Amino acid sequence: MVDLSSFDVVVAGGGPAGVGAAVAAARKGAKTLLLERYGFLGGVGAHGMGMPINQMRPNDRSRGAIHDLVIDHVLSYGQEAGRLVGHALVCNVEYLKPALFDLLDAVGCTYLLHSRIVDATVEDGRLVGVVIAAKEGLVRVAAKVFVDATGDADLAHFAGAETMKGREGDGFLSPMTLCCLIANVDVDGARAYEERDGGCHDLISRARSDYPLLPESMHFELGPFPLRNCLLINHAGTKLHGVLDATDREQMTEAETFSRRQAIQMVAALREQGGPAFRNVQLAAAGAQVGVRETRRVKGLYILTEDDAKTGRRFDDAIAWRSGMLDIGFVRFEEMKVHDVPYRSLLPETLDNLLVAGRCISATHVGASAGKSMGNCMATGHAAGLAAAMSASAGCTPRELDVRGLQQALAQDGVDLRRHDTSA
């Protein structure tokens with residue numbers, strides 16, 4: 001039985017950021033526990049049904065030991081498991097899931113699945129424990145330092161840290177998307193169809209009278225790898241349905257029910273009006289939950305902005321960098337520059353003993369969308385996990401940690417904070 005009172009570092013959330021944090025902390029020698037609410041790890045990398053895990057190796061350069069370990073453990077399962085395509089790791093998610101278990105086992109990190117964060121214990125402004133809902137009931141977990149990699153800033157929220165949500169001024173939240181796999185497709189024909197009609201707009205406009213839940217646009221990914229006759233549909237999801245908040249259980253229920261009915265209508269429309277490439281198309285699978293792009297973000301000591309992303313901002317306390325595109329899912333998609341993430345954006349403004357990583361770091365609505373690619377989230381997780389381990393070892397809070405020492409530890413892990421270029 002796991003002793004839940006003896007950990008140096010507890011990481012909440014087992015997506016790319018949480019895996020990055022847990023592996024980094026364990027490799028640094030911290031006794032580390034990773035808590036995940038699902039029965040698998042990988043976050044949207046797993047329930048995204050094979051969505052490319054972007055920004056894992058930009059410009060064919062290593063981002064450091066953690067990214068390399070994830071790539072290596074997936075590829076160790078062979079050609080059917082995954083491959084690098086440009087900057088992205090593209091994989092069959094059923095290989096990704098055990099590969100992440102293998103990685104955590106290899107570095108000596110304890111992990112517990114089916115463990116959802118539901119409360120926190122704070123003493124004198126310091127986070128000292130979390131409460132998880134498990135089959136046994138409510139279970140308390142103690143540690144010296146914590147990392148919130150839940151995506152929704154659940155741990156920070158329950159601990160009373162100040163958070164932000166949505167677009168400044170009107171609270172707009174990026175749409176949610178239930179990714180799904182379609183099978184029995186003529187992959188080459190489908191890709192040619194999309195090239196002629198980017199986003200399948202013509203098909204959608206013709207079919208909407210019969211299928212009113214169709215999204216604004218659809219794009220196909222994958223094929224012929226990892227599944228030879230399958231395509232992943234990534235689409236505008238709930239955009240036309242209105243703004244929904246994934247931290248509200250009633251609105252999340254609405255998003256889930258709408259999205260699963262929407263998937264049925266997308267496949268039916270493709271079969272009826274998509275031409276020969278989709279004549280025999282079938283819905284093969286959909287994600288364990290709808291994909292959430294934006295909810296709470298922690299208000300930190302520094303708030304990353306759109307200007308930081310567009311100008312390629314550098315910081316003296318940089319602990320990671322973010323590359324790719326400024327992407328507010330199917331709302332805005334434009335170029336940005338590689339830009340730093342300061343350590344201050346991982347530290348809540350008013351709560352000690354907690355670091356944040358992934359899409360809930362301190363940023364504006366647009367600033368957050370500039371860094372939500374999974375490889376970028378893993379990079380902030382790497383930094384947060386190292387910082388947590390070093391703080392636990394030194395007996396200090398993350399706020400008191402010497403950032404220069406953290407930067408040196410990241411360099412030893414192969415992270416190049418100098419950055420080779422400023423292009424996206």
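Please read these numbers as outputs of a predicted model, since none were measured by experiment.
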### Side chains of Asp316 and Tyr343, donor plus acceptor under 3.5 Å
no
### Query
Do Thr247 and Lys165 have a side chain donor and acceptor closer than 3.5 Å?
yes
### Message
I'd like to know if Arg27 and Asp413 make a salt bridge, using a cut-off of under 4.0 Å between side-chain N and carboxylate O.
### Response
yes
### Query
Taking only residues two or more places apart in sequence, or in another chain, which ones meet Phe333 in a ring pair (Phe, Tyr, Trp, His ring centres under 6.0 Å)?
none
### Message
Please determine whether the number of non-hydrogen atoms from other residues, nucleotides or ligands lying under 6.0 Å from atom CZ of Arg208 exceeds 12.
### Response
yes
### Query
Mind checking what makes side-chain hydrogen bond (donor to acceptor under 3.5 Å, both in side chains) contact with Asp402, not counting sequence neighbours?
Arg404
### Task
Determine whether the side chains of Tyr77 and Asn92 contain a donor N or O and an acceptor N or O closer than 3.5 Å.
no
### Query
What is the ring orientation for Tyr111 with Phe101, classed by angle as parallel under 30°, tilted 30 to 60°, or perpendicular over 60°?
parallel
### Task
Could you check if a side-chain atom of Ile233 sits within less than 4.5 angstrom of a side-chain atom of Met266, using non-hydrogen atoms only?
yes
### Task
State plainly whether the residues Arg344 and Asp317 are in salt-bridge range, i.e. N to O under 4.0 Å.
yes
### Query
By side-chain contact (heavy atoms from CB on, under 4.5 Å), which residues pair with Ser76, not counting sequence neighbours?
none
### Query
Is the closest basic N to carboxylate O distance between Arg313 and Asp340 below 4.0 Å?
no
### Query
side-chain hydrogen bond (donor to acceptor under 3.5 Å, both in side chains) with Thr177: which residues, sequence neighbours excluded?
Arg293
### Task
Examine distances only and state if a side-chain atom of Ser259 and a backbone atom of Thr257 form a donor-acceptor pair shorter than 3.5 Å.
no
### Query
Any idea how Phe220 and Phe278 line up, ring-wise: parallel (<30°), tilted (30 to 60°), or perpendicular (>60°)?
tilted
### Message
If you count every heavy atom of other residues, nucleotides or ligands that lies below 6.0 Å from Asp170 atom CG, does the total exceed 12?
### Response
yes
### Trace of the side-chain contact (heavy atoms from CB on, under 4.5 Å) decision for Leu41 with Leu34
CA-CA 10 Å; Leu41 302 173; Leu34 174 61; 4.0 Å; yes
### Task
Looking only at non-hydrogen atoms, find the nearest pair between Gly371 and Cys377 and report the distance.
O-SG, 4.1 Å
### Ionic contact status for Asp152 with Arg296, cut-off 4.0 Å
no
### Query
Taking only residues two or more places apart in sequence, or in another chain, which ones meet Phe158 in a ring pair (Phe, Tyr, Trp, His ring centres under 6.0 Å)?
none
### Task
Apply side-chain contact (heavy atoms from CB on, under 4.5 Å) to Gln408 and list each qualifying residue two or more places apart in sequence or on a separate chain.
none
### Message
Can you tell whether the side chains of Arg63 and Asp68 come within less than 4.0 Å, N to carboxylate O?
### Response
no
Exercise answer: donor-acceptor pairs, residues 196-205 side-chain atoms, under 3.5 Å, sequence neighbours excluded:
residue, atom, partner, partner atom, Å
Asp197, OD1, His201, N, 3.3
Asp197, OD1, Asp202, N, 3.4
Asp197, OD2, His201, N, 3.2
Asp197, OD2, Asp202, N, 2.8
His201, ND1, Glu216, O, 3.4
His201, NE2, Gly198, O, 3.2
Asp202, OD2, Arg206, NE, 3.0
Asp202, OD2, Arg206, NH2, 3.3
Ser205, OG, His201, O, 3.3
Ser205, OG, Asp202, O, 2.8

### Query
Okay, side chain of His87, backbone of Gly324: is any donor-acceptor separation there less than 3.5 Å?
no
#### Entry: Closest heavy-atom pair and its distance - Leu240, Leu214
CD1-O, 4.2 Å
### Message
If the condition is side-chain contact (heavy atoms from CB on, under 4.5 Å), which residues does Asp186 pass it with, not counting sequence neighbours?
### Response
Asp188, Ala277
### Task
Check the pair Asn54 / Leu89 against side-chain contact (heavy atoms from CB on, under 4.5 Å), numbers first and verdict last.
CA-CA 7 Å; Asn54 289 329; Leu89 174 64; over 6 Å; no
### Summary
Sorted by chain and number, sequence neighbours left out, side-chain contact (heavy atoms from CB on, under 4.5 Å) with Val122 holds for Leu127, Ala159, Leu351
### Task
For Asn376 and Ser323, run side-chain contact (heavy atoms from CB on, under 4.5 Å): C-alpha distance rounded to whole Å, both residues' side-chain angles, the deciding distance at 0.1 Å, then the answer.
CA-CA 7 Å; Asn376 293 327; Ser323 58; 3.9 Å; yes
### Query
Would Leu326 and Arg332 count as a side-chain contact (heavy atoms from CB on, under 4.5 Å) if you check the C-alpha gap in whole Å, the side-chain angles of each, and the deciding distance to 0.1 Å?
CA-CA 7 Å; Leu326 193 159; Arg332 281 179 65 186; 4.3 Å; yes
### Within-4.5 Å side-chain heavy-atom neighbours: His241 and Leu213
no
### Query
Would Glu306 and Arg167 pass as an ion pair if we require N to O under 4.0 Å?
no
### Side chain proximity check, Arg297 to Ile361, heavy atoms < 4.5 angstrom
no
### Task
Check whether the side chains of Asp307 and Thr305 place a donor and an acceptor atom closer than 3.5 Å, and report yes or no.
no
#### Entry: Counterpart residues, side-chain hydrogen bond (donor to acceptor under 3.5 Å, both in side chains), relative to Glu194 (two or more places apart)
His219
### Message
If the condition is side-chain hydrogen bond (donor to acceptor under 3.5 Å, both in side chains), which residues does His339 pass it with, not counting sequence neighbours?
### Response
Arg322
### Task
Would you kindly check if the NZ (Lys) or CZ (Arg) of Lys97 is within the cone defined by 45 degrees around the ring axis of Phe40 and under 6.0 Å from the six-membered ring centre?
yes
### Task
Answer whether the closest heavy-atom distance between the side chains of Leu103 and Val70 falls below 4.5 Å.
yes
### Message
Under 4.0 Å between a side-chain nitrogen and a carboxylate oxygen: does that hold for Glu36 and Arg116?
### Response
no
### Query
Any side-chain heavy atom of Leu304 within less than 4.5 Å of one from Tyr302?
yes
In a table with atom names and distances, give each donor-acceptor pair under 3.5 Å that connects a side chain of residues 280-290 to protein atoms at least two apart or in another chain.
residue, atom, partner, partner atom, Å
Gln282, OE1, Asn184, ND2, 2.4
Gln289, OE1, Arg37, NH2, 2.7
Gln289, OE1, Tyr38, OH, 2.1

#### Entry: Audit row: Glu168, His365, side chain to side chain donor-acceptor pair (under 3.5 Å) steps and yes/no
CA-CA 7 Å; Glu168 297 73 21; His365 165 72; 5.8 Å; no
### Task
Could you check if a side-chain atom of Phe146 sits within less than 4.5 angstrom of a side-chain atom of Val9, using non-hydrogen atoms only?
no
### Task
Might you confirm whether atom CD of Gln79 has over 12 heavy atoms from other residues, nucleotides or ligands at distances under 6.0 Å?
no
### Query
If you measure only the distance, is there a donor-acceptor pair under 3.5 Å linking the side chains of Ser373 and Gln55?
no
### Query
Of all heavy-atom pairs between Gly329 and Pro175, which one has the smallest distance, and what is that distance?
O-CG, 3.3 Å
### Query
When you check the gap from the basic side-chain N to the acidic O, do Arg191 and Glu195 get nearer than 4.0 Å?
no
### Taking every non-hydrogen atom, the tightest pair across Met374 and Val44
SD-CG1, 3.5 Å
### Heavy-atom side-chain contact between Lys299 and Thr163 under 4.5 Å
no
### Heavy-atom check, side chain of Pro215 versus side chain of Gln262, under 4.5 Å
yes
